[in-house]
Protein chains: 2
Amino acid sequence: MFPAVTIQPTDFFAALAHETRLRCLILLMRHPELCVCELTHAIGAVQPHVSRHLAQLRELGLVTDRREGLWIFYRVSPVLPDWVAAVLRETFDAVCGERPFVEDDRVLALMANRPGVPRCA
Amino acid sequence: MFPAVTIQPTDFFAALAHETRLRCLILLMRHPELCVCELTHAIGAVQPHVSRHLAQLRELGLVTDRREGLWIFYRVSPVLPDWVAAVLRETFDAVCGERPFVEDDRVLALMANRPGVPRCA
DNA sequence: GCTCAATATTCGTTTTGGGGTATGTTTCCG
DNA sequence: CGGAAACATACCCCAAAACGAATATTGAGC
């Protein structure tokens, strides 16, 4: 019904203004949820770097996290204000085919030993 | 045909991440064009402050400027990439009724001695 | 030519944000 | 209970961004 969070426009745009955070968000829009090690691997950064920027997205309410065993899975918040979701979608459509966003998803697809999703038969 | 400029997503969002720049852009979306003194008056800041942030918007290609006598009129660039224009429109629709954006336009409407537009009979 | 009005830019300083590395916390497993 | 794995946080340092005030530029009018 009501979006759970109120997000200041300038805070929202500041969150999108960093490449690491934008790359994480784009990846999270391609997949229902991803854990930190997947995001870290896809982006090719060190883990504290990714964790720090994920924390900023979380504090703003753009993403939510869920613990499952050792892993913490992030997903795009399902209760975003409509205009925030709309801006994210417009941005996604515009950049999902560009660098470095395409490569990020390709690198993720080639990742071995991914938790959760890739259960073999 | 082709948008004249290529704008990096992170640069674009960084431009929107400052309140002064966002307030200028919202005002410029309500009016075909505005000069610096109008923007300065509406926002209630000192002139160098507004000029500096307008310069950043101009360097990014989000606005264009046109000199007419002593005044320099700014307007939202007519050749923005589609997704940039779409994000601006979504943002405008979301915030144009909120503070401080409504007040900015009210203050502007009450401004005396505006150049250009308000020619009396 | 001089002067004033509108705007832009520069300078010095302060603040904010990001990076790298080390360390802390939580959970699972044996 | 003692590891090790996954992730978060803290600390210190540097660079980019913003601010206030002063100054430079541009054009109009006389």
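FYI, side chains are in, hydrogens and waters are out, and symmetry mates aren't considered; it's all heavy atoms of this structure. A quick note: this is a predicted structure, and the numbers were derived from the prediction, not measured. Convention: sequence-line order gives letters A, B, ...; per-chain numbering from 1.
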Report task. Please state how far atom CG in B:L22 lies from atom P in D:dA18, giving the value in whole angstrom units. Result -> 13 Å
Query raised in the report: Could B:E19 and B:R21 be called an ion pair, given the rule that one side-chain N must be under 4.0 Å from one carboxylate O?
Result: no
Query - For atom CD of A:E68 and atom P of D:dC7, their distance in whole Å - result: 12 Å
Query - Length of the CZ-C1' vector between B:R58 and C:dT7, whole Å - result: 10 Å
Query raised in the report: Does a side-chain N or O from B:R52 land closer than 4.0 Å to OP1 or OP2 of D:dG20, or not?
Result: no
Report summary line: Comparing A:P48 with A:A17, nearest DNA chain C nucleotide closer to 5' gives the residue A:A17
Report summary line: B:D11 CG to D:dA16 P, in whole Å, measures 14 Å
Requested in this report: Respond yes when some side-chain nitrogen or oxygen of A:Y74 is under 4.0 Å from OP1 or OP2 of D:dA8, and no when none is.
Outcome: yes
**Report entry** B:H18-A:T10 side chain donor-acceptor pair, cut-off 3.5 Å
**Finding:** no
Query raised in the report: Centres of the A:W83 and A:F12 rings: under 6.0 Å?
Result: yes
Query raised in the report: Among the nucleotides D:dC19, D:dA5, D:dG27, which one has an atom lying closest to any side-chain atom of B:L70?
Result: D:dG27
Query raised in the report: Do any side-chain nitrogens or oxygens of A:R67 fall under 4.0 Å of OP1 or OP2 in D:dA8?
Result: no
Query - Whole-Å gap separating C1' (D:dA5) and CD (A:E38) - result: 15 Å
Query - Interatomic distance where CZ belongs to B:R66 and C1' belongs to C:dT7 [whole Å] - result: 15 Å
Query raised in the report: OP1, OP2 of C:dT7 versus side-chain N and O of B:H49: anything below 4.0 Å?
Result: no
Requested in this report: Please determine, for the side chain of B:I72, which listed nucleotide (D:dT9, D:dC7, C:dT7) has the closest atom?
Outcome: C:dT7
**Report entry** A:V36 to A:Q47 - nearest heavy-atom pair and separation
**Finding:** CG1-CG, 4.3 Å
Query raised in the report: Rounded to the nearest 0.5 Å, how far apart are CD1 of B:I72 and CG of B:L39?
Result: 12.0 Å
Query raised in the report: Is there a donor and acceptor pair closer than 3.5 Å between the side chain of A:Q47 and the base of D:dA6?
Result: no
Query raised in the report: Whole-Å distance between C:dT7 P and B:F73 CZ?
Result: 8 Å
Query raised in the report: Of all the nucleotides listed (C:dT7, D:dA18, C:dG19), which has the minimum atom distance to the side chain of B:H18?
Result: D:dA18
Query raised in the report: B:L54 has an atom CG; how far is it from atom P of C:dT9, in whole Å?
Result: 11 Å
Query raised in the report: Within less than 4.0 Å of OP1 or OP2 of D:dC7, is there a side-chain N or O belonging to A:H53?
Result: no
Query raised in the report: Counting side-chain heavy atoms from C-beta on, which of C:dT7, D:dA18, D:dA8 comes nearest to B:C37?
Result: C:dT7
Query raised in the report: Which one, D:dA6, C:dG18, D:dA8, comes nearest to the side chain of A:Q56?
Result: C:dG18
